[in-house]
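Each remark here refers to the structure printed beneath this line.
Counting starts at 1 for both ligands and their atoms, following the listed order. In what follows, every heavy atom counts, from backbone to side chain, and hydrogens, waters and symmetry copies are set aside. Note that this is a predicted model, so its numbers are computed, not measured.
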Amino acid sequence: MPNSVRVRFAPSPTGPLHIGGVRTALYNFLLARKLGGTFILRIEDTDQARFVPGAEAYILESLAWLGISPDEGIGAGGPFEPYRQSERKEMYKAYADELIQSGKAYYAFDTSEELDAMRTTFENQGSAFQYNAVTRVKLRNSLSLSKEEVDQLLANNTPYVIRLKVPAKGEIRFQDIIRDWVHVHTSSIDDKVLMKSDGMPTYHLANVVDDHIMQITHVIRGEEWLPSAPLHILLYQAFGWDAPQFAHLPLLLKPEGNGKLSKRDADLGGFPVFPLEWKDPQTGAISKGFKQEGYLPEATLNFLAFLGWNPGTEQELFSLDELIAAFSLERINKAGAKFDVKKAQWFNEQYLKQHDAKELAATYLPSIEAEKGEAYVHLFLDRITFPQQLGQMVQEFSEFPASYDEAVLTSKWNAETKQALELILGALPTCTHWHAEEIKQCISQCLEVAGIKMGKVMQLFRVAMSGKGAGPDLMISLELWGKDQVLARLNKALEKFPNI
Ligand code: GLU
């Protein structure tokens, strides 16, 4: 076993990478960075039937967006090239043959019709068929047939698969870093296919062979692979190799916490479960992506890191470097992690506030002059969750109010406040420097002369300006509207407000 930690993210390009897969990649990446190890990206594309064009590029783009960069593998190169399993096809055959030679695996010639018939027979008897130590003797394989028959079948190029000869009796035990001891009896495992009749390895064989060859020290992957782990341990034993350590990550649960998170939940809830937008190449259907929804990469990373891990302190905001410093497999929870979209939004709001206002203005308010755009960003930044809301905010801000908040009018519109608004209307034209501070002074002075407290009038003044009882900083808003527009709004309000 090499000394330094080597971990891998090994997605299959069968569609868009699910956000749970991104979390798996992130945890692998964090561990590698934390321990000075190597993070490898391997593409597991041996299942040709499930191959989806564009899926590999999508995986690469998603990881690049978040800065989860592989040290080795696809896109980075390395000593064990190629890192795409379909390009390693020939090699797996040699390993399967090795197991045949050592008696740990065998040829099976059963056709799919024969296996279907077997399945039906079992079903009719009320049980489920498994290709295993009990049934293999009655099926057509190199364990049940004579050597001559087998040689003949092979010589005739009869299609076959190679199956693992799972021992009839025995217990498989391994200690998962997250789930602790796992015990499984071999009788619950069937003689899994290792090589398919098309000459391609199955996921199980390719995965174990590659993890061994690539000197992987820790297999960190989703909990859905936990049922495969005992089989993988058997394979390591069959080859006589040391198994890596396993860490199976908790499931992602629905926002309410009841059951596994699905794409359906996302569609119903209107939130993304994919890092980037994805267009299905067959149906053209679009799935939402975190990026396109307006999540910042820093916020997405921080949110994902907390889906199943916690630092053990109160701190919630972590930069990537801070995550690397704080991360450990020991602090990953066993229990499923609720996919709390509200929390993702909260993270986004926090990171938006730290974001460069100039850059946000340039990207999201491109048609507005730079200085003014930046001022808008500052005005609205703590009122938005996603940066693309800025445009809408500015749009609404620029429109004259179509109606006025009834509740505020009922409670605040009276002879005194009417007089106050008229005083403001008279005073503002004399305000020479149209800056928030001076405007405020101008207003407070004119009210003071009449003995009216500013606090009594301001909410009503806001309604007169914007129609709404609450909103962003009023004095800065006045500055941004400009004197003419403020006066016009005030005139309109005095005209529209009920007669006193
Ligand atoms: N190819 C598997 C997947 O798509 C990898 C599972 C593993 O990490 O072993 O998730």
Q) Quick one: does ligand 1 sit under 4.0 Å from the side chain of F9, the backbone, both or neither, non-hydrogen atoms only? A) neither

Q: Identify the protein heavy atom lying closest to atom 2 (C) of ligand 1, giving its residue, its atom name and the separation to 0.1 Å.
A: A10 O, 3.3 Å

Q. Hey, is E90 close enough to K93 for a salt bridge, meaning N to O under 4.0 Å?
A. no

Q. Which residue supplies the protein heavy atom nearest to atom 8 (O) of ligand 1, what is that atom called, and how far is it?
A. R8 NH1, 2.8 Å

Q.
Under 4.0 Å from a heavy atom of N207: which atoms of ligand 1 are those, numbered in the order shown and with their elements?
A. 7 (C), 9 (O)

Q. Are Y27 and W309 an aromatic pair by the rule of ring centers under 6.0 Å?
A. no

**Q.** E44 neighbourhood, listing ligand 1 atoms whose heavy-atom distance to it stays under 4.0 Å
**A.** 1 (N), 2 (C), 5 (C)

Q. When you check the gap from the basic side-chain N to the acidic O, do R42 and E44 get nearer than 4.0 Å?
A. yes

Q) Do K291 and Y295 meet the cation-pi criteria used here (NZ or CZ under 6.0 Å from the six-membered ring centre, within 45° of the axis)? A) no

**Q.** Minimum-distance protein heavy atom relative to atom 3 (C) of ligand 1
**A.** W225 CZ2, 3.4 Å

Q | Ring centroid separation F339 to F303 under 6.0 Å | A | yes

